[in-house]
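Throughout, protein chains are lettered first and strands after them, A, B, ... in sequence-line order, and every chain is numbered starting at 1.
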There are 2 protein chains.
Amino acid sequence: MDTNRLAAALKALADPTRLKIIALLNTRSCCVCELVPIFGISQPAVSKHMSRLKSAELVVETRKGQWVFYSINRERLKQVCCALENLPDCSHEFEKLAEQGRLVTCE
Amino acid sequence: MDTNRLAAALKALADPTRLKIIALLNTRSCCVCELVPIFGISQPAVSKHMSRLKSAELVVETRKGQWVFYSINRERLKQVCCALENLPDCSHEFEKLAEQGRLVTCE
DNA sequence: CTTGTATATAACCATATAGTTATAATATTA
DNA sequence: TAATATTATAACTATATGGTTATATACAAG
């Protein structure tokens, strides 16, 4: 996963409400109307959070009658963790700097 | 690490520029004047990014003469990964919902 | 077909964010 | 001390974000 994609996924996670939603879904799938009383924010606010998490592929939705159940995408979450633990090598950037004589070699 | 603190740390990481800075520092410590030509943004912009990373304790600074070298705080980054991999248990929230008769038990 | 429940979307608002330029502060060097 | 280089801060701007209310859509049950 390149840094741009990783940053986008982290952005989806980098909000206290969405992060707790992910923690909740890690325990059990649930629907919007269950999340509303937990967070004390409006139903549209919860829907928007779910939409962001869905865009980041961190959750998947399944309609069951009038309810839409959201489940965590553990694969994706694992990918994010792995990407964070295995940051891309950037030596080439330092080589470029060296070529340009911009490398600061201190002491 | 509670979800609020984790969200704050993720926010610091959830930006393409800062994420790449972290990747660069993972290869080698460096100073602001080296980062400026890499990203092609202004020096104050880089300084602000470093300030955010420092606030999140993801980097530490060391002044060496006229330069300020920034190094990655691998411990902290590891903490973030671990926290993401071990999300807090939220069963109590579902128990509360059940008590309130708000749990949606579908099918 | 109408009513009620659940969810999504639209329009809006206040605040946060990532950049800019200008300037101040810190350290080196002549 | 004066001049130069590096970094940080201040003030500003445009855009993104997280919330709101109002409304539309989807499904279930009379």
Novice: I'd like to compare against my own output: the B/S/- annotation of nucleotides 4-17 of chain C with a strict under-4.0 Å heavy-atom distance to protein.
Specialist: -BSBBB-------S
Novice: Once side chain to side chain contact (heavy atoms under 4.5 Å, CB included) is applied, do any residues pair with A:Lys48, and if so which ones, sequence neighbours excluded?
Specialist: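 Side chain to side chain contact (heavy atoms under 4.5 Å, CB included) check on A:Lys48 returns nothing, list empty.
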Novice: Could you pull out every donor-acceptor pair under 3.5 Å between side chains of residues 91-99 of chain A and any protein atom, sequence neighbours left out?
Specialist:
residue: A:Ser91; atom: OG; partner: A:Asp89; partner atom: OD1; Å: 2.7
residue: A:Ser91; atom: OG; partner: A:Asp89; partner atom: OD2; Å: 2.6
residue: A:Glu93; atom: OE2; partner: B:Lys20; partner atom: NZ; Å: 2.8

Novice: Which pairs count as salt bridge (Lys or Arg N to Asp or Glu O under 4.0 Å) when at least one residue sits in residues 71-88 of chain B, sequence neighbours excluded?
Specialist: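 The answer is A:Lys78-B:Glu85, A:Glu85-B:Lys78.
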Novice: Answer whether the closest heavy-atom distance between the side chains of A:Arg52 and A:Arg18 falls below 4.5 Å.
Specialist: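 The answer is yes, as the side chains (C-beta and beyond) meet within the 4.5 Å cut-off.
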Novice: Check B:Asn4 against A:Pro16 and note the closest heavy-atom contact, atom names and distance.
Specialist: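 Nearest heavy atoms, B:Asn4 then A:Pro16: OD1-CB, 3.2 Å.
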Novice: Please identify each residue that fulfils side chain to side chain contact (heavy atoms under 4.5 Å, CB included) with B:Cys33, with sequence neighbours left out.
Specialist: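 Once residues adjacent in sequence are excluded, the partners of B:Cys33 under the side chain to side chain contact (heavy atoms under 4.5 Å, CB included) criterion are A:Val104, B:Cys31, B:Trp67.
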Novice: If you walk 5' to 3' along DNA chain D, what is the first nucleotide with an atom under 4.0 Å of a heavy atom in chain A, and what is the last?
Specialist: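 It runs D:dT17 to D:dA28.
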Novice: Among A:Leu25, A:Leu13, A:Val59, A:Asn26, exactly one meets side-chain contact (heavy atoms from CB on, under 4.5 Å) together with A:Leu77. Which residue is that?
Specialist: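 Result for side-chain contact (heavy atoms from CB on, under 4.5 Å) with A:Leu77: A:Leu13.
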